[in-house]
J.: 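Take this structure, written in structure tokens, and hold onto it; I'll ask about it next.
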Amino acid sequence: MVFVVLWRPSKVKVVAFSLPRHQHQFIFGHRRSSHNEPLEQYWSTLFRNDPLSRYKPARFSLTRQWYSSETLQTENDSSSKRPGLPHPPSGSKFEVTSPYQPMGDQPQAIDQLVKQIKRGDKYSILRGATGTGKTFCMAHTIARIGKPTLVLCHNKTLAAQLARELRSCLKKNHVHLFVSYYNHYVPESYNEVTDRYTAKKSSINDELDALRHMATRSLLEHEDVVVVSSVSCIYGLGMPKAYLDASIRWNVGDVVGKNLYDIQSTLEALLYSTPEESPATGMTSQDLGRGNYQWSYNTTVVAQSSSSPTTSLMIWPPSHYFPMTVTFQRERNAHNGEDVYRVATIEHGHTSGMNTVDSTTIFPAKHHISGSQEEFEESLARIQDELQTRVKELRAESKNIEADRLSHRVSQDLLLLRETGTCPGVENYSRHFALREEGMAPDTLLEYLGYSAKGCSDWLLLVDESHVTLPQLKAMYGGDRSRKKQLVKHGYRLPSALDNRPLRDSEFWQRVNQAIFVSATPAKQELNFIANIDDNEPVDMVIRPTYVCDPEISIRPTNTQLDDVLKEVRERSTRQERTLVITLTKRESVDMCRFLNEQGVSASYVHSGLNTHERSNALKSLQSGEIDCLVGVNLLREGLDLPEVSLVAILNADSEGFLRSEAALIQTSGRASRNKNGLCIFYANRVTESMQKCMEVMKARRALQLAYNEKYGTEPKSTEGSSVQSIFDLLRDQIEAEKPLEVVATDMFSTTSSVDLESTLPHSDVASLIVHQSLSLSDSDLENDNIVTDHLPSKPGIYFWKDESGDILYIGKAKKLRSRVKSYLTPNAKHSSRIRVMLKKAKTVEFILTPSDRDALILENKLIKHHSPPYNVLLKDDETYPYICATIGDAFPTFVISPRKQEGHKASKYKYFGPYPHFAELNEIIQGIEEKYDLRAKSFQAKFGSLSKGEYQNEFQRALKEVFETPKSTSEQDNLLSMRSHYEEASNLFESEHNVSRDVVVVGNSDDGSIMLIYVLQLREGMITGQFSYTCESTATNQTREDLSDTIEVVLKQRHYISGGFATNHGRFSFFPTEILVQYPPSDPQDLKETIQVVRDMVESESTTKKKRRKSMKIRTPSTRGSRKDSDSRALQCAIDNAVQIANEKALGKLENVPKTSIDGTAIEELASMLSLEKVPHRIECYDISHTQGENAVGSRVVFIGGVPAPHLYRTFNIRSVTGPDDYASIEEVLERRFTRAWVPGENVLVDEGNPWSLPDLVVIDGGKGQLSAALKGMAKANILPETNPTLLESSSTTSEYDNEDLLIVEDQYPPRNHGKFARVPVIALAKQHEEVFVTGSSMPVNNSTDSSALLLLRALRDESHRRALRSHRLRRKKMNMNGF
């Protein structure tokens, strides 16, 4: 033990450190250079470098003595009494501002606690009955002791209530809340028995995170601080010194950088980021989130005397209640000509506007802040070294799978850390980033308490409801370590992950100077703490300030409990009193609430399945009188201030256990002790030992209270309770409590005009920015301009971003592949740093089509798990897509939502249906079952009412059979069955047991009939692991089923299984399936199986298959009935969709008439020049008509984007209003219909550019002047006029048989529809005979050559539109013939 005595004028400080003899680590942020460094020299260095140097002593003394572990302080050691330690100054900065004075037992309790603390007792106990005002006593004790205080609670709701109550008593001081910031948290884990890995899943609440930042900021800036915390305070938080040192302070007039990048780099080093989505117009405070910053430009904020341009920064530090703005003014240095940025104004947000201040401190956006770049590199090197050591250990134990898994995972994490500064699960490397040694405790909130801004590291601990909080505190470390040991053992994490942990129980108490335990029922642990402290007994509080006595306890039988509860609740409702009903399970609480509601009683429920906000709202409803009864399980015990409650009804009170223990019964009964009419009813058929002890305690206390009231003549009066506020209400309280400063503006942020960012930056920086309202990466930074996305279909599927080596970087899903992938490349897109780095590496994007978005969800999940792409953050596992589980083995079976299938011997007790990718669909099924069969109410009646168990089981079996086991074909009219079958369709493909090892073989034909291919889809363990296509020389035209069967057989025997088996690395999956599903059956399946088996024996030796017996291969066609029908149909459809897509892409690549000049841009530039267009026609549409003697006429539209065909925009028009061979009327109808869709229905505006029907840059008509005139008439009917060039009109002759009126439509010929406006588009026609190009307003062709690049492009357009029209015409004619047949 090392004691350091620090002298300072009028103050003395003693600091004690426990230093292990074999090592010495960080103290106050200073690292001892070596173990042999003299301690005197070490402390001299410490005083010079540490913020505690404010103690600057003229001299210092050091006493060093080593103590053995036996002589160190222990929990039961009498040395816990420390009278020799100095106390803070007597003038406490805390002040109780409550209008009430201590009453009842409160005065003597406060005096006794203060006496014990001031004389140096390490532990004290405040044992107060419910309603005696323990929180009020805590506030007075804190004020009189005068130390920074940590108040520890066991759940968020009680912590929020306690923080609010303490704030009401200590209004002039700083009372903050510090709880876990997770809305939802599932830890990473591995189950060794089931071999199941679960990835971490969590969602962070920004408001809770803000409360944490406000607490730590206050601890660093003030002395009079009270922090109310959950056990979250013992988890790693980052070093307070690093957090404080990283903060930046800006004063008005300070020079902060040479350009905006200097400022931005500073903010990013503090882990601030821009919002993910940037608004199209001006930024407002509502668009900004905590931890975000955004640039804005405003010339109105500058001082009147200055004309220099300014740039405003909008930033929201999480430690502030509102965002702030900092305006920077650019100035030029007269000496060196360099620009600098100076702080012009600083404005803090407030409820009433903006307050101008002279300076501000910006703390980091996150508590875990990294050090210098050198320290960061050292951390990465330490991770790499540990990885190499651990991999060697695993391989030495013959755990090669675990070694490979760990090596792959950590290598990917290191890659992401170097590129983005973070990675999934980065907290598991916290030991290395903090440069701690193995086994060292993490830095927690307790370090912030000991790092006071004023140098006073002594603080006080109060443990509220200690009988629950202390066991929870002790269990945190054991549970965390047990879970992580499995992860380390099986290669999911490095051993250093074990040091990302909460404090051990012993480590926690080493950091505590003095503690007070507060509870109505202190446990043995608290009593043992004070057992060896002289003259230290629990401080009791029995008499309440309101003189209300403990409630009487009544025992009643269970056979009539429902009717009895109903009667009691109604009776209290008439007296404006409330009731609590306590059940054993969450399900029973919901069912009890439902029963009461059905009987006309307004009731609600609370349990752990509700979030904090929902629980608080339920309590508010009870207090405000919106409901008369609240039903709960274990959350209606400690700490709740509910004076309106006069009755507590405990169901199944004789069910001995944790929820019906002595302490639980006392605590629960106490909820009625704030009301003078309080009563507690135990519904039980026997008196258990816990019930008996509870009644004895309550009876004894009640006797003392009655005697006191009789002696002093006091009258009991129900408590006037405060409202229960949620954590989120607490944040609003803090905001309202802020004293307003002088308001100089009325708007938080005004929408400002943009400026040219180029003028604010050095020339070399401009290339990496976009001149927008925010600083962001430009397209040039993505380095993937060459990625083509137009070939992507607007269908559901999976996309893969790949690098130049073909390695998968990222896997995603989409409802519409094209729009989703294009969103990555949008110039203004805001991506995280991880995605930005991925896009820089990406060179290609590939995809797989799925039958629906449900299939895409399931397949994406499986592929991410299998491939582990480096830039994917896996936020879901099997729990993401739950099942409906029928608990057929339970006494009261029901349908529940299950995150996964049960395995092992318990599996027979359950039946599973699903999975359901969308939770809303699953919930709809469950609700539908409940509405139709009312199972929950019947189950509740069977347990507590008159319905028999057998009657309920029969009803359940009926629901199971009708909804899940009845064949769909026999109950087609059952909406519930049809809905369930539809929602479960995705499970027929990627969750089907038939697709564990299957190849699906189909024929794919391109839309134009020019390409036919054989496509093989590999399905392994419910995943698509490969797709192969083989183009055939012949097309599908006139091919019989026998021909297609033979073609499939030849491809499989001679190409697929021979070449693919040798050439592909298949990982853990075999290239050869156990089943082949073929669209057309081979003529000799046995010969095909034998051929495949021979190849398989050659490729897969016995050693590679580990001598596992192979299943016999099956070759079959899709089933038309039975359990395989849906699975076969879904797999076949998936294969056909992908085969057709590949065939269409091959057909597109086969277009030899698309000239190279069309692709490189030469042709469209020449075309623009030839037609005298104002801009290059990027999007060109071409139209043609095809028919047979006027029958089955079809019009086609093809589109070229940038000179390249865009098949996804091709469209077909079946002619409706024309009979007979009238090409002119047909083209007029097609153009009218097409351009009518260019307008937003019912509005006078055109559709957006991204719409398939948006206006093109040029329209081409296949035909001559007659077709052109007809097209113009059709377009004019749709309010689209031709765009003409006067140069062409003047130079052309009009003596032809077609005059201008025939070729140039004027606006008054066709009045605008709905008084709308006309739009203009250039229109031309290409005549076949002499390859002449005609434009509107001219009877003479405008082209002088028939072989120019422009004309070659027009020919390609015309030929493609003709091919499309002809193909569509044939299909329509064939369909009509089949209908006639």
Side-chain angles (χ1 to χ4, degrees), residues 791 793 795 846-849 998-1019 1024-1064 1071-1073 1075-1092 1094-1095 1113 1115-1118 1128-1129 1131-1154 1205 1207-1208 1210 1359-1360 1362-1364 1366-1371 1374:
H791 70 292
K795 297 179 180 179
E846 300 177 3
F847 64 91
I848 297 174
L849 296 179
R998 171 190 270 187
D999 284 355
V1000 185
V1001 186
V1002 299
V1003 177
N1005 297 295
S1006 62
D1007 290 341
D1008 61 6
S1010 64
I1011 294 292
M1012 185 183 82
L1013 54 80
I1014 304 301
Y1015 175 82
V1016 182
L1017 181 70
Q1018 282 188 343
L1019 294 172
I1024 295 178
T1025 57
Q1027 49 179 346
F1028 307 86
S1029 62
Y1030 304 92
T1031 306
C1032 304
E1033 294 182 0
S1034 59
T1035 63
T1037 306
N1038 300 324
Q1039 291 277 340
T1040 64
R1041 289 179 60 88
E1042 290 74 16
D1043 294 335
L1044 296 175
S1045 296
D1046 292 341
T1047 303
I1048 289 177
E1049 186 173 355
V1050 170
V1051 168
L1052 295 181
K1053 289 169 63 176
Q1054 299 182 13
R1055 296 185 63 183
H1056 179 66
Y1057 287 108
I1058 292 180
S1059 61
F1062 287 104
T1064 309
F1071 181 78
F1072 302 94
E1075 180 180 282
I1076 302 176
L1077 182 69
V1078 291
Q1079 185 180 11
Y1080 302 101
S1083 56
D1084 191 348
Q1086 186 60 36
D1087 180 58
L1088 176 58
K1089 284 195 289 185
E1090 292 175 357
T1091 302
I1092 296 173
V1094 170
V1095 178
M1113 181 180 294
I1115 301 176
R1116 43 185 296 273
T1117 54
D1128 290 357
S1129 174
L1132 197 71
Q1133 187 59 51
C1134 181
I1136 291 175
D1137 289 344
N1138 282 280
V1140 171
Q1141 179 65 30
I1142 294 174
N1144 283 332
E1145 290 187 18
K1146 289 181 178 292
L1148 177 61
K1150 192 179 178 182
L1151 292 176
E1152 298 178 356
N1153 62 333
V1154 178
H1208 64 281
Y1210 290 4
D1359 294 344
E1360 182 71 355
H1362 181 70
R1363 184 166 31 248
R1364 173 78 177 187
L1366 184 61
R1367 167 73 174 170
S1368 301
H1369 167 64
R1370 287 175 177 172
L1371 291 176
K1374 181 179 180 180

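For reference, positions follow the sequence shown, starting with 1.
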J.: For the residue pair I1076 and I1092, establish whether any side-chain heavy-atom pair is separated by less than 4.5 Å.
T.: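 Yes, their side chains come closer than 4.5 Å.
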J.: Can the ring centroids of H1056 and F1071 be said to lie less than 6.0 angstrom from one another?
T.: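 Ring centroids of H1056 and F1071 are less than 6.0 Å from each other.
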J.: Could you give me the CA-CA distance, side-chain angles and deciding distance for Y1210 and E1360, then say whether side-chain hydrogen bond (donor to acceptor under 3.5 Å, both in side chains) is met?
T.: CA-CA 10 Å; Y1210 290 4; E1360 182 71 355; 2.9 Å; yes
J.: Which residues pass the side chain to side chain contact (heavy atoms under 4.5 Å, CB included) test with Q1133, sequence neighbours left out?
T.: D1137
J.: Answer whether the closest heavy-atom distance between the side chains of L1077 and R1116 falls below 4.5 Å.
T.: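 When only atoms from C-beta onward are counted, R1116 and L1077 do touch, with a gap below 4.5 Å.
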J.: Is there side-chain contact between M1012 and V1003, with at least one heavy-atom pair below 4.5 Å?
T.: yes
J.: Using the side chain to side chain contact (heavy atoms under 4.5 Å, CB included) criterion, which residues pair with P1082? Sequence neighbours excluded.
T.: E1049, V1078, P1085, L1088, I1115
J.: Listed by chain and number, what are the side-chain hydrogen bond (donor to acceptor under 3.5 Å, both in side chains) partners of S1368, not counting sequence neighbours?
T.: T1212
J.: Return the CG to CD1 distance between L1017 and I1024, rounded to the nearest 0.5 Å.
T.: 4.5 Å
J.: Checking N1138 now: which residues fulfil side-chain hydrogen bond (donor to acceptor under 3.5 Å, both in side chains) with it, not counting sequence neighbours?
T.: none
J.: Kindly indicate whether the side chain of C1134, heavy atoms from C-beta on, has any atom under 4.5 Å from the side chain of V1000.
T.: no
J.: State plainly whether the residues K1089 and D1084 are in salt-bridge range, i.e. N to O under 4.0 Å.
T.: no
J.: Is there side-chain contact between C1032 and I1014, with heavy atoms separated by less than 4.5 Å?
T.: yes
J.: Specify the closest pair of heavy atoms between F847 and Q1027, including all atoms of both residues, with the distance to one decimal.
T.: O-NE2, 3.6 Å
J.: Should P1081 and R1041 count as side-chain neighbours, where that means a heavy-atom distance under 4.5 Å?
T.: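 Sidechains of R1041 and P1081: in contact.
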J.: Between the main-chain N or O of N1144 and the side-chain N or O of S1006, is there a donor-acceptor pair closer than 3.5 Å?
T.: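 Not a single qualifying donor-acceptor pair exists.
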J.: If you define the side chain from C-beta out and look only at heavy atoms, does anything of V1140 sit under 4.5 Å from I1142?
T.: no
J.: Residues two or more places apart in sequence or in another chain: which of them pass side chain to side chain contact (heavy atoms under 4.5 Å, CB included) with A1139?
T.: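 Once residues adjacent in sequence are excluded, the partners of A1139 under the side chain to side chain contact (heavy atoms under 4.5 Å, CB included) criterion are V1002, L1013, Y1015.
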J.: Taking only residues two or more places apart in sequence, or in another chain, which ones meet D1087 in a side-chain hydrogen bond (donor to acceptor under 3.5 Å, both in side chains)?
T.: K1053
J.: Considering only heavy atoms from C-beta outward, does the side chain of F1028 approach that of D999 to under 4.5 Å?
T.: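 The answer is no, as the side chains (C-beta and beyond) never meet within the 4.5 Å cut-off.
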J.: Look up atom OG in S1045 and atom CD in Q1079, then write down how far apart they are to the nearest 0.5 Å.
T.: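 It comes to 9.5 Å.
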J.: When you measure from the side chain of E1075 to the backbone of R998, do you find a donor-acceptor pair of N or O atoms at a distance under 3.5 Å?
T.: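 Between the backbone of R998 and the side chain of E1075 there is no qualifying donor-acceptor contact (under 3.5 Å).
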